[in-house]
Amino acid sequence: MATTQVLLQQFYYLASTQDFPLCSIVLGTLFLVCKAEENLQTICNIINIVDIVVKHNHRYPEVVTDRYDSEYYELKNEMVIGKMQVLWQLAFNVQVELPYGLLANYLQSLELTDQEQVLQLAWNYVNDLLRTPVYVCFQPKTIACSAIFLAAHKCSVGLPTM
């Protein structure tokens with residue numbers, strides 16, 4: 001989900017929400033991320049999940065779309081169009097590096113893994129930043145370091161001053 005969120009932010013940093021409908025871009029991005037991260041999901045699963053979320057937000061009955069229904073084929077076409085638009089807009093660069101691995105390594109290097117409150121708070125900061133454009137503006141190492149700094153500061157834990 002984090003990779004999907006970052007790709008959506010990158011896409012809409014370059015494109016307008018008026019020109020590209022959110023539903024088709026979300027479908028296309030989810031499809032791309034499932035392929036890129038080798039978390040294979042069927043097209044049917046992706047379409048059904050997005051369709052149920054959209055129906056839930058509009059307070060429609062949450063009924064799974066039948067594979068042979070015309071609505072399913074329309075969503076499938078939207079997904080293919082959305083995938084191509086994302087690939088074209090991002091110049092086929094859908095590689096996303098997330099700061100979670102760096103965060104764990106940095107915490108280990110700073111010997112803060114025994115500080116559960118710092119660890120949890122830093123992880124929460126990294127998760128919360130997914131809702132902001134920070135992932136588009138800064139490198140993952142900067143995000144990981146800032147999360148550790150904020151968490152350590154909030155918990156009054158000293159960091160090395162080298």
Side-chain angles (χ1 to χ4, degrees), residues 1-107 116 119-148 150-151:
M1 289 307 289
T3 305
T4 304
Q5 183 68 24
V6 173
L7 282 180
L8 280 171
Q9 289 176 5
Q10 288 175 347
F11 177 83
Y12 282 117
Y13 232 65
L14 300 171
S16 169
T17 54
Q18 293 177 344
D19 297 336
F20 299 98
L22 184 62
C23 186
S24 66
I25 301 303
V26 167
L27 282 166
T29 306
L30 277 170
F31 183 65
L32 282 171
V33 168
C34 286
K35 285 173 50 175
E37 292 191 352
E38 297 179 5
N39 180 12
L40 298 178
Q41 296 291 324
T42 63
I43 292 172
C44 185
N45 285 347
I46 296 169
I47 289 172
N48 282 331
I49 289 168
V50 171
D51 189 41
I52 287 172
V53 168
V54 168
K55 285 177 181 175
H56 178 76
N57 287 342
H58 287 99
R59 302 194 192 288
Y60 296 145
E62 297 173 18
V63 180
V64 176
T65 307
D66 183 28
R67 284 183 153 178
Y68 304 107
D69 191 18
S70 63
E71 182 183 4
Y72 174 81
Y73 286 107
E74 288 172 18
L75 289 171
K76 188 175 176 181
N77 287 337
E78 277 189 48
M79 182 174 67
V80 171
I81 291 168
K83 178 185 84 162
M84 294 309 296
Q85 290 170 337
V86 170
L87 287 172
W88 181 78
Q89 201 67 244
L90 298 178
F92 287 82
N93 183 13
V94 292
Q95 183 84 20
V96 173
E97 185 183 353
L98 298 170
Y100 296 101
L102 293 170
L103 180 70
N105 289 338
Y106 294 164
L107 286 167
E116 289 185 30
L119 193 133
Q120 185 64 51
L121 196 55
W123 198 269
N124 291 347
Y125 283 141
V126 170
N127 282 336
D128 290 346
L129 288 173
L130 284 168
R131 303 188 82 168
T132 68
V134 167
Y135 280 84
V136 178
C137 301
F138 298 101
Q139 295 293 321
K141 62 184 177 184
T142 307
I143 296 169
C145 289
S146 63
I148 292 170
L150 286 171

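S146 OG to L103 CG: the interatomic distance, rounded to the nearest 0.5 Å, is 9.5 Å. A distance of 15.5 Å separates CD in E78 from OH in Y73, rounded to the nearest 0.5 Å. Rounded to the nearest 0.5 Å, atoms CD1 (I46) and CG (L32) are 9.0 Å apart. Put simply, CZ on F31 and CD on Q41 are 11.5 Å apart, with the number rounded to the nearest 0.5 Å. We find the OG1-CE distance between T29 and M79 to be 11.5 Å, quoted to the nearest 0.5 Å. Rounded to the nearest 0.5 Å, atoms OH (Y72) and CG (N77) are 10.5 Å apart.
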Could you walk me through whether E97 and L102 pass the side chain to side chain contact (heavy atoms under 4.5 Å, CB included) check? CA-CA 10 Å; E97 185 183 353; L102 293 170; 3.9 Å; yes
Kindly indicate, with the supporting measurements, whether the criterion side chain to side chain contact (heavy atoms under 4.5 Å, CB included) is fulfilled by L7 and V96. CA-CA 8 Å; L7 282 180; V96 173; 3.7 Å; yes
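N48 places a side-chain N or O within 3.5 Å of a backbone atom of C44 that can act as its donor or acceptor partner. Proximity of a side-chain donor or acceptor of T142 to a complementary backbone N or O of F138 within less than 3.5 Å is not detected.
Residue pairs satisfying the side-chain hydrogen bond (donor to acceptor under 3.5 Å, both in side chains) criterion with at least one member in residues 119-140, sequence neighbours excluded, are listed as follows: Y100-N127, Q120-N124. Screening residues 1-28 for side-chain hydrogen bond (donor to acceptor under 3.5 Å, both in side chains), with sequence neighbours left out, gives T3-E37.
For the residue pair P140 and P99, the shortest heavy atom distance occurs at O-CB, 3.4 Å. For K141 against Y106, the heavy-atom pair with the smallest separation is CB-OH, 3.5 Å. A151 approaches A122 most closely through the heavy-atom pair CB-N, 3.6 Å.
Put simply, the side chain of T42 reaches to within 4.5 Å of the side chain of N45, judged on heavy atoms. Proximity of K35 to V33: side-chain heavy atoms (C-beta onward) are nowhere separated by under 4.5 Å.
With a 6.0 Å radius and a threshold of 12 heavy atoms from other residues, nucleotides or ligands, K76 has its NZ atom at or below the threshold.
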